[in-house]
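These numbers were taken from a predicted model, which means no experiment stands behind them.
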Amino acid sequence: MKPSMQSFFDEVYREHCQAVHAFFLGKTGSRETAVELVQDTFLQVWRNIEMLHALEPSRRRYWIFSVAKNRLTDFYRNRASRAAAETRLSHHHETVAASGEPSEQAVMRETMRRLEDAINRLPEDLRTIVVMQAVGNMSSGDIGEALGVPAGTIRYKLSVARKKLADMMHREEGGKANAHDTG
């Protein structure tokens with residue numbers, strides 16, 4: 001492999017790794033699975049680096065996400081059970097700021113755990129775009145391009161997902177309040 005292809009690959013990896021990881025994290029709900037699929041995806045990219053280099057720069061992200069979608073399909077085909085791919089979303093906000101009272105930290109951890117659970121209960125399509133935006137720092141245009149969906153549709157689905165999350169969190173709070181009131 002030519003040294004210029006190595007540096008091209010490094011650049012492509014830096015530019016797209018986080019977005020591809022967010023895609024897999026949203027689809028699988030598992031940090032370990034997402035990392036494994038990112039590695040598989042970029043191994044395939046490496047094997048086809050000259051072809052990727054020949055593509056128009058505007059088409060590269062689309063091609064990389066096509067590879068990612070194929071890796072995901074292969075992953076599901078090779079798993080005995082989809083349940084293995086539906087593990088809990090890893091704690092991205094696991095660390096709470098060291099400042100503050102321990103009781104505040106406990107409340108924050110509990111809120112983050114409840115939010116994580118709510119995200120996991122979203123339908124896969126909504127969960128995927130929420131995670132791609134939040135973890136992958138992708139815009140609705142980037143997410144739309146990666147998934148082959150118009151950016152306006154992504155914005156609408158993000159709005160629906162946020163409303164569903166707010167409703168789930170509110171219902172949980174109401175349930176906790178009612179449990180405390182009756183006890």
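To the nearest 0.5 Å, atoms CE (Met138) and CD1 (Ile154) are separated by 9.0 Å. Atoms CG and CZ, from Leu25 and Arg127 in turn, are 9.0 Å apart once rounded to the nearest 0.5 Å. Distance CG/Asn120 to CG/Leu115: 10.0 Å, rounded to 0.5 Å.
The shortest heavy-atom contact between Thr128 and Phe23 is CG2-O, 4.1 Å. Across all their heavy atoms, Ala118 and Met168 have their closest contact at O-CE, 3.5 Å. Val38 and Cys17 get closest at one heavy-atom pair: CG1-SG, 4.0 Å. Heavy-atom minimum distance, Arg59 versus Leu55: O-CD1, 4.3 Å. Contact between Lys69 and Gly148 at its shortest, heavy atoms only, is NZ-N, 4.2 Å. The two residues Leu126 and Ala161 have their closest heavy-atom pair at CB-CB, 4.1 Å.
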* Asked: Where do Val67 and Val20 land on the side chain to side chain contact (heavy atoms under 4.5 Å, CB included) test, with the steps shown first?
  -> CA-CA 10 Å; Val67 171; Val20 171; over 6 Å; no
* Mind running side chain to side chain contact (heavy atoms under 4.5 Å, CB included) on Thr33 and Phe75 for me, showing each step along the way? => CA-CA 9 Å; Thr33 302; Phe75 169 76; 3.3 Å; yes
* To do: Under the side chain to side chain contact (heavy atoms under 4.5 Å, CB included) rule, what do His53 and Val12 come out as? Steps first, then yes or no, please.
  => CA-CA 10 Å; His53 188 264; Val12 165; over 6 Å; no
* Check the pair Leu147 / Met132 against side chain to side chain contact (heavy atoms under 4.5 Å, CB included), numbers first and verdict last. => CA-CA 10 Å; Leu147 300 179; Met132 289 177 81; 4.1 Å; yes
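Each of Arg121, Arg114, Arg113 was checked for a salt bridge (charged side-chain N to carboxylate O under 4.0 Å, His left out) with Asp117, and the lone residue meeting it is Arg113. Tested against Lys157, the residues Ile143, Ile129, Val149, Val130 include a single side-chain contact (heavy atoms from CB on, under 4.5 Å) partner, Ile129. Exactly one of Trp46, Phe42, Phe8 qualifies for a ring pair (Phe, Tyr, Trp, His ring centres under 6.0 Å) with Tyr13. That residue is Phe42.
Judged by distance alone, the side chains of Asp40 and Gln44 never bring a donor and an acceptor atom under 3.5 Å apart. The closest side-chain donor-acceptor pair between Arg71 and Thr41, if any, does not fall under 3.5 angstrom.
Phe24 and Leu43 fall into different hydrophobic clusters, where Ile, Leu, Val, Met, Phe, Trp and Tyr side chains are chained together by heavy-atom contacts under 4.5 Å.
Every residue was checked against the ring pair (Phe, Tyr, Trp, His ring centres under 6.0 Å) condition with Tyr62, not counting sequence neighbours, and none meets it.
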